[in-house]
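The chain is numbered in sequence order, starting from 1.
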Amino acid sequence: MSHNFYRPLGRTGIQVSAIALGTMTWGQQNTEAEGHAQLDHALAEGINFIDTAENYAIPPRAETQGATERIIGSWLKARGTRDKIVLASKVSGPSGSTWLRRDGALPRLDARHINEAIDASLARLQTDYVDLYQLHWPHRPVPLFGGGSHAPARGGDGTEVPIEETLDALDALVKAGKVRHIGLSNETAWGLSRFLHLAETRGQPRVASVQNAYNLLNRTYEVGLAEFHAREQVGLLAYSPLAQGFLTGKYQQGVRPAGARTTLFERGQRYQKPGTEAAIDAYLQVAHDFDLDPAQLAIAYVTSRHFVTANIIGATSLAQLQANLASRDVAITPEIEARIDAVHQLHGSPAP
């Protein structure tokens, strides 16, 4: 295991494993027992960082909402491991999901909704606090989830909640001891900058991390957000390092393996845009030329970036989890880096 396997989470003083365990399949594709087995294995392998959200399992449905947190909670209670892990969850931004709040209201990032969300999450997780509480996506019109600049504001009633109002609510949760630190997700450079400015000028909690998509098909984080790591100590929690599995090559030429996520749910549109297939072929060739597993190469590349605090991997089987964790043994040499950069030069980020 490399010497830099644990990294600082912003300025919090907390050290987190460079690979975090994502959990969004638990309660939909994975049973409680499978979730517990993954958690046991991850902990034994030195993984101390667990990421979840109030609207997991994914894809979001009323029937499975909260199931992932409940599975983590039952594991925490059964194993007595709360003090051994750094636990991160998220409150939903605006959407059309009427099942997240007791009264059926559309979710908002205001005090009423945030308070209800954290209390429900803590109850499911069977803990008094979360170490990192993240805003799942902003409450203002921004391009989200690969929708492009023409995409409408995500769901909700079309209104914005001022960042000041959201930060006030998070500040109260920190003061109450329910949340230790705060983070953002699916955020822009402007949004992060605004949160940091308000924290500094108003003496409020400081953002510790940004959880955005980052992988070989989407390196847009490097353009406006990566600099915050060196300048402000706000690092990236990278989700979708395998681009929802597309970087393994298993979906190439329209193949849909039985039981695979995109086969089951057809949610891979973000990674099915013009140019993605050719880019994936090129990265598969790099892996082949260096005798590497394509998934391990893709994961290792993300983990190796200087601005990445943690790389969030998810798995639907223990074997897959073990293979993904083996990416820690893959070194991105100058030769591999040069080949990857050459592919990126030709193909860019076809699936932002």
Shortest non-hydrogen separation from [X] to [Y] and the atoms involved:
{"X": "H344", "Y": "S349", "value": "CE1-OG, 3.7 Å"}
{"X": "Q296", "Y": "A323", "value": "NE2-O, 3.1 Å"}
{"X": "A208", "Y": "L132", "value": "CB-CD1, 4.3 Å"}
{"X": "S17", "Y": "I19", "value": "OG-O, 2.8 Å"}
{"X": "A105", "Y": "H113", "value": "CB-CE1, 3.9 Å"}
{"X": "E277", "Y": "Q252", "value": "O-NE2, 3.1 Å"}

Looking at side-chain heavy atoms only, is the closest gap between [X] and [Y] below 4.5 Å?
{"X": "R112", "Y": "D103", "answer": "yes"}
{"X": "I340", "Y": "R219", "answer": "yes"}
{"X": "K178", "Y": "D119", "answer": "yes"}
{"X": "T159", "Y": "R108", "answer": "yes"}
{"X": "V16", "Y": "N48", "answer": "yes"}
{"X": "I336", "Y": "L297", "answer": "yes"}
{"X": "N311", "Y": "R305", "answer": "no"}
{"X": "W137", "Y": "P94", "answer": "yes"}

**Request:** Would you please test V179 and L170 for side-chain contact (heavy atoms from CB on, under 4.5 Å) and show each step?
**Result:** CA-CA 8 Å; V179 169; L170 294 171; 5.9 Å; no
Going hydrophobic residue to hydrophobic residue with side-chain gaps under 4.5 angstrom, can you get from [X] over to [Y]?
{"X": "L167", "Y": "V207", "value": "yes"}
{"X": "L318", "Y": "I71", "value": "yes"}
{"X": "L43", "Y": "L321", "value": "yes"}
{"X": "L106", "Y": "L100", "value": "no"}
{"X": "F228", "Y": "L198", "value": "yes"}

**Prompt:** Do R339's NZ or CZ and the ring of F290 fall within the cation-pi criteria of under 6.0 Å and 45°?
**Reply:** no
**Request:** Might you work through the side-chain contact (heavy atoms from CB on, under 4.5 Å) test for L76 and T81, ending with a clear yes or no?
**Result:** CA-CA 5 Å; L76 289 173; T81 43; 3.8 Å; yes
**For Y283, all residues meeting ring-ring contact (aromatic ring centres under 6.0 Å, His included), sequence neighbours excluded** =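 Result, ring-ring contact (aromatic ring centres under 6.0 Å, His included) vs Y283: none returned.
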**Prompt:** With sequence neighbours excluded, what pairs up with F307 under the ring-ring contact (aromatic ring centres under 6.0 Å, His included) test?
**Reply:** Y214, Y221
Side-chain ([X]) to main-chain ([Y]) donor-acceptor, under 3.5 angstrom:
{"X": "Q272", "Y": "Q269", "result": "yes"}
{"X": "T303", "Y": "I299", "result": "yes"}
{"X": "N212", "Y": "L236", "result": "no"}
{"X": "R82", "Y": "Y129", "result": "yes"}
{"X": "S185", "Y": "Q211", "result": "yes"}
{"X": "K90", "Y": "Y133", "result": "no"}
{"X": "Y6", "Y": "G46", "result": "yes"}
{"X": "T309", "Y": "L237", "result": "no"}
{"X": "Q38", "Y": "A315", "result": "yes"}
{"X": "D171", "Y": "V174", "result": "no"}

Look up atom [atom1] in [X] and atom [atom2] in [Y], then write down how far apart they are to the nearest 0.5 Å.
{"X": "H139", "Y": "S95", "atom1": "NE2", "atom2": "OG", "answer": "9.5 Å"}
{"X": "S74", "Y": "L125", "atom1": "OG", "atom2": "CG", "answer": "10.0 Å"}
{"X": "F195", "Y": "I182", "atom1": "CZ", "atom2": "CD1", "answer": "6.5 Å"}
{"X": "M24", "Y": "Y56", "atom1": "CE", "atom2": "OH", "answer": "6.5 Å"}
{"X": "D289", "Y": "D291", "atom1": "CG", "atom2": "CG", "answer": "10.0 Å"}
{"X": "L292", "Y": "I332", "atom1": "CG", "atom2": "CD1", "answer": "7.5 Å"}

**Prompt:** Given E32 and R70, is the salt bridge (charged side-chain N to carboxylate O under 4.0 Å, His left out) satisfied, shown in steps?
**Reply:** CA-CA 9 Å; E32 181 175 46; R70 277 191 290 273; over 6 Å; no
**Stepwise side chain to side chain donor-acceptor pair (under 3.5 Å) check, E69 with S121** = CA-CA 7 Å; E69 288 184 326; S121 284; 2.9 Å; yes
**salt bridge (charged side-chain N to carboxylate O under 4.0 Å, His left out) between E54 and R101, worked out** = CA-CA 11 Å; E54 68 165 336; R101 303 292 168 254; 2.9 Å; yes
[atom1] of [X]: more than 12 outside heavy atoms within 6.0 angstrom?
{"X": "E164", "atom1": "CD", "value": "yes"}
{"X": "E63", "atom1": "CD", "value": "yes"}
{"X": "E200", "atom1": "CD", "value": "no"}
{"X": "D341", "atom1": "CG", "value": "yes"}

**Request:** Given side-chain contact (heavy atoms from CB on, under 4.5 Å), test W190 with R140 step by step and report yes or no.
**Result:** CA-CA 12 Å; W190 180 85; R140 57 182 202 280; 3.6 Å; yes
**Request:** For the residue pair N55 and W99, confirm or rule out a side-chain donor-acceptor distance under 3.5 Å.
**Result:**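 Side-chain D/A pair, N55 to W99: absent.
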**Message:** Apply side-chain contact (heavy atoms from CB on, under 4.5 Å) to residues E232 and L192 and explain how you reach the verdict.
**Reply:** CA-CA 10 Å; E232 299 285 350; L192 173 55; over 6 Å; no
**Residue among I58, L39, T316, T31 satisfying side chain to side chain contact (heavy atoms under 4.5 Å, CB included) with W26** = L39
